[in-house]
Novice: 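This is the structure I want to talk about, given as structure tokens.
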Number of protein chains: 2
Amino acid sequence: MTKSLKKPATMSDVAKEAGVSLKTVSRVFNNEKYVTEDKKARILEAAKTLNFQPAVAARGLAGGRSFMIGLFVDDASGDYVAKMMRGLVNACDATGTHLVVEVIRDLDDVSKVQRAVASVRFDGVILPPPLCDAPALLAFLRENGVPVARIGAGQALEDFASVYIDEELAAYKMTDYLIAKGHKKIGFIIGDPEHACSALRETGYRRAMAAAGLTVEDRFLAQGYFNFPSGRDAAQTLMQGAPDLTAVFASNDEMAAGAVDYLSNAGVRVPDDLSVVGFDDDIAASMMSPTLTTVRQPIEDMARQAHALICNPGDYQKIQHRFSVDIVERQSVRAV
Amino acid sequence: MTKSLKKPATMSDVAKEAGVSLKTVSRVFNNEKYVTEDKKARILEAAKTLNFQPAVAARGLAGGRSFMIGLFVDDASGDYVAKMMRGLVNACDATGTHLVVEVIRDLDDVSKVQRAVASVRFDGVILPPPLCDAPALLAFLRENGVPVARIGAGQALEDFASVYIDEELAAYKMTDYLIAKGHKKIGFIIGDPEHACSALRETGYRRAMAAAGLTVEDRFLAQGYFNFPSGRDAAQTLMQGAPDLTAVFASNDEMAAGAVDYLSNAGVRVPDDLSVVGFDDDIAASMMSPTLTTVRQPIEDMARQAHALICNPGDYQKIQHRFSVDIVERQSVRAV
DNA sequence: AATTTTTATGATAGCGCTGTCATGTTTTTA
DNA sequence: TAAAAACATGACAGCGCTATCATAAAAATT
């Protein structure tokens, strides 16, 4: 009793069944023109009865495309990646492509990328932060002519497709929101320096403060690394050096959650004693207590768009897509 | 200035470079025997200078394997999937295979699975809950001879490889842990009925209660769906019907987080007034306040093992791997 | 020393498709 | 009405590998 693979139907099987040539079947599955409607219908029906589906391996060999989209991440965890993946899988579904996940931990070592690219021959690769800003990686992909779509990159690059938000403006707006609520002494938790957006968000904060005539003292700032523990530590630093703050802007939600955690344990009530806001609208933002006021970027949509940019490479002018963001008001801010 | 794909080297290029036949190069890359060491060395060196990497598409067409492992999930979010993915990507890396993520939302509709399987020809697919217990899906994969590894399945099936934990025993132990802490009236939040483990965990809870001579009244139980809001709702139900509980066992961490959220807002202190425990050791468990005592299963290891089961199909006796769990003690339980 | 077995290598035929070209047939335009 | 253009189809080569077979040398066995 061997567990034998029931061998799938091939295009010639379909061709035979429909009484046409192999090539005509191929035409149908590639949406080429010059196939009459009745033949097309017969072929589609034959394909259905035979449960036929073209084999990507064969298509990849013969044609140019692999039907594989690479998603390169430095870490597969986190809500950001999860949301992106939802958008991507969705888009892949709609286009008959497939999502291949590769983890690239070392941003300077292209050898893994080289291996993956050479063996899979991706139709394109998606690069979220921080990979989208890794020079070595980008250089390699450029040299090898691999179509790239960057998501959430910190710096614009003319020759790569990119979907992004105006990080600086978003941070500016959030800071402004706090100012509008009457806050004057606003702290800021800086993000991971490895992520290009960290500096942009900080700049947005600083600019908003300056525009409102508010001073940013050094003690208003604390360094974090986009994760929970670093948010906790940063909050402690802030509370020690600047107990007079009335609000803290953590540049992502995980750090905000860490900060709130520290504050609760330290007896500082949020938002009564101190307002806290974040960035990203991470799932944690709506699960914490109080729920977190934050900046939402449409990651799923951005991911879908990134996929589209790879699959239909457009004009050089049209490969940069800016998305707009919203401030999601929840419970962590109090007007003063 | 055309962005021309620098065409990757082929096996014949390597063969020429190393002065051997194509087939000998192939042998080296497939770890076949009968290649002398010096030739092997020359070939490997040639491959390195040419940056050669065999194309999976060609290998897939010619040989039997696609070098693609399918990860079928019903939803790509959540910490469970993220952890699994880490283990899988890791294992793929080590074996030269690639992880393809497919989202299957409808557990009864195999059409999407059929399309994916027919077009990619996965070397095997990994099925986490709840897909690992979906009869239609399993039947289809069985018929088509697709190697399967189930992760965290609720019911044993002899003809499918499986990695799992003893859900019932784990829940039993956790309940027993609470009993050992002096709790007698222990509530339970049931998980999503679509997941087979939900019933098992409930049984474990009931058995432990019975074994300790404790009664489980109906009002001790509330239905949840493995997510945050349902945990919140369930806690409310519990507090209304059974305010005399001293502990609540939520059958996963997200629900536990929801429960704690509700409780805090309702003025019930955790763990002072009520102890709460969860299941899974989700990332939320260490980010909430208080941190959550929970059950940890080694998902990453399980995923790696699942991958191994697919890549080296063993004896029929050896395809079931049980993993053991630990109780992670944190801050959400008080002895009474 | 003669035979078998093991080791080492390569030639050749596809795997299941798509690209290119050849060959008609119809429609449009001059 | 003839020439050109658009439409429709199929034959055939070949993408970059692996499987199968053939071949020959070296090692192990009679």
Side-chain angles (χ1 to χ4, degrees), chain A residues 5-43 46-47 50-68 96-98 115 117-123, chain B residues 5-43 46-47 50-68 96-98 117-121 123:
Chain A
L5 248 139
K6 192 204 287 179
K7 193 166 39 184
T10 73
M11 252 188 202
S12 355
D13 295 337
V14 176
K16 214 165 295 171
E17 176 85 10
V20 297
S21 80
L22 211 194
K23 179 67 207 187
T24 304
V25 179
S26 170
R27 284 200 178 88
V28 170
F29 278 91
N30 288 287
N31 291 313
E32 290 174 26
K33 49 184 187 175
Y34 302 148
V35 181
T36 50
E37 283 306 320
D38 78 310
K39 277 214 174 79
K40 183 168 177 175
R42 288 220 312 278
I43 289 168
L50 295 174
N51 268 329
F52 170 77
Q53 207 64 32
V56 290
R59 304 229 265 177
L61 236 204
R65 318 171 47 190
S66 67
F67 296 88
M68 300 286 162
T97 53
H98 299 269
R115 254 172 306 161
V117 165
S119 72
V120 180
R121 266 100 148 150
F122 300 103
D123 287 348
Chain B
L5 247 139
K6 194 203 288 180
K7 193 165 40 186
T10 71
M11 252 188 203
S12 355
D13 295 337
V14 176
K16 214 165 295 174
E17 176 86 11
V20 297
S21 80
L22 212 193
K23 179 67 208 185
T24 303
V25 179
S26 170
R27 283 200 178 88
V28 170
F29 278 90
N30 289 288
N31 291 313
E32 291 174 26
K33 48 183 188 177
Y34 302 148
V35 182
T36 50
E37 284 305 321
D38 78 311
K39 277 214 173 79
K40 184 168 177 174
R42 287 218 315 277
I43 288 168
L50 295 174
N51 268 330
F52 170 77
Q53 208 62 32
V56 291
R59 303 229 264 178
L61 235 205
R65 317 171 48 190
S66 67
F67 297 88
M68 300 285 162
T97 54
H98 299 270
V117 165
S119 72
V120 181
R121 267 101 149 149
D123 287 349

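Chain naming here is simple, since letters A, B, ... match the order of the sequence lines and numbering starts at 1 in each. Everything quoted here is computed from the prediction, not taken from an experiment.
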Novice: Between C:dT18 atom P and A:Leu22 atom CG, what is the distance in whole Å?
Specialist: 9 Å
Novice: So A:Phe67, base contact, sugar-phosphate only, or nothing? Heavy-atom distance under 4.0 Å.
Specialist: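 No contact.
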Novice: Given that A:Ala62 and B:Lys33 both sit by DNA chain C, which one's nearest nucleotide is further toward the 5' end?
Specialist: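 Nearest nucleotide further toward 5': that of B:Lys33.
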Novice: OP1 or OP2 of D:dT9 less than 4.0 angstrom from a side-chain nitrogen or oxygen of A:Thr24, does that happen here?
Specialist: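 Answer no for this pair, as no side-chain N or O of A:Thr24 is under 4.0 Å from OP1 or OP2.
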Novice: Round to a whole Å and report the spacing from CG of A:Asn30 to C1' of C:dG19.
Specialist: 11 Å
Novice: Tell me which of A:Gly64 and A:Ala58 sits closer to the 5' end of DNA chain C, going by the nucleotide each one is nearest to.
Specialist: A:Ala58
Novice: Please answer whether the main-chain N or O of B:Thr10 pairs with a side-chain N or O of B:Asp13 as donor and acceptor at a distance below 3.5 Å.
Specialist: yes
Novice: What's the NZ-C1' distance between A:Lys40 and D:dT9, to the nearest Å?
Specialist: 16 Å
Novice: Rounded to the nearest angstrom, tell me the gap between atom CZ in A:Arg121 and atom C1' in C:dT18.
Specialist: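 Going from CZ in A:Arg121 over to C1' in C:dT18 covers 16 Å.
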Novice: So which nucleotide from D:dG16, C:dG19, C:dG16 ends up closest to the side chain of A:Glu32?
Specialist: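 Taking heavy atoms from C-beta onward, the closest nucleotide is C:dG19.
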Novice: D:dT9, OP1 or OP2 - any side-chain N/O from A:Ser21 closer than 4.0 Å?
Specialist: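 A:Ser21 to D:dT9 OP1/OP2: no side-chain N or O under 4.0 Å.
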Novice: Rounded to the nearest 0.5 Å, how far does CZ of A:Arg59 lie from OG of A:Ser26?
Specialist: 8.0 Å
Novice: Is there a donor and acceptor pair, one atom on the side chain of A:Arg27 and one on the base of C:dG19, closer than 3.5 Å?
Specialist: no
Novice: Taking only N and O in the side chain of B:Lys39, is any of them less than 4.0 Å away from OP1 or OP2 of C:dT9?
Specialist: yes
Novice: Distance check needed: D:dA19 C1' versus B:Arg65 CZ, whole Å only.
Specialist: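 Between C1' of D:dA19 and CZ of B:Arg65: 15 Å.
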Novice: With the side chain of B:Lys23 defined as its heavy atoms from C-beta on, choose the nearest nucleotide among C:dT9, D:dT20, D:dT9.
Specialist: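 Per side-chain heavy atoms of B:Lys23, the pick is D:dT20.
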Novice: Would you say A:Ser26 reaches C:dC17's phosphate, i.e. side-chain N/O to OP1/OP2 under 4.0 Å?
Specialist: no
Novice: Whole-Å distance between D:dA22 C1' and B:Tyr34 OH?
Specialist: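 Interatomic distance, OH of B:Tyr34 to C1' of D:dA22: 15 Å.
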Novice: Is a donor on one side and an acceptor on the other found under 3.5 Å between the side chain of A:Asp123 and the backbone of A:Ser66?
Specialist: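 Judged by distance alone, yes, a pair lies under 3.5 Å.
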Novice: Roughly how far, to the nearest 0.5 Å, is the NE2 atom of B:His98 from the CE atom of A:Met68?
Specialist: 9.5 Å
Novice: Are OP1 or OP2 of C:dA8 and a side-chain N or O of B:Thr36 less than 4.0 angstrom apart?
Specialist: no
Novice: When you compare the side chain of A:Pro8 with that of B:Arg121, does any pair of heavy atoms fall below 4.5 Å?
Specialist: yes
Novice: CG of B:Leu61 versus P of C:dA13: gap in Å, rounded?
Specialist: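 Rounding to the nearest Å, CG of B:Leu61 and P of C:dA13 are 18 Å apart.
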Novice: Measure from CD on B:Glu37 to P on C:dT9 and round the result to the nearest Å.
Specialist: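 Checked: the CD to P distance equals 10 Å.
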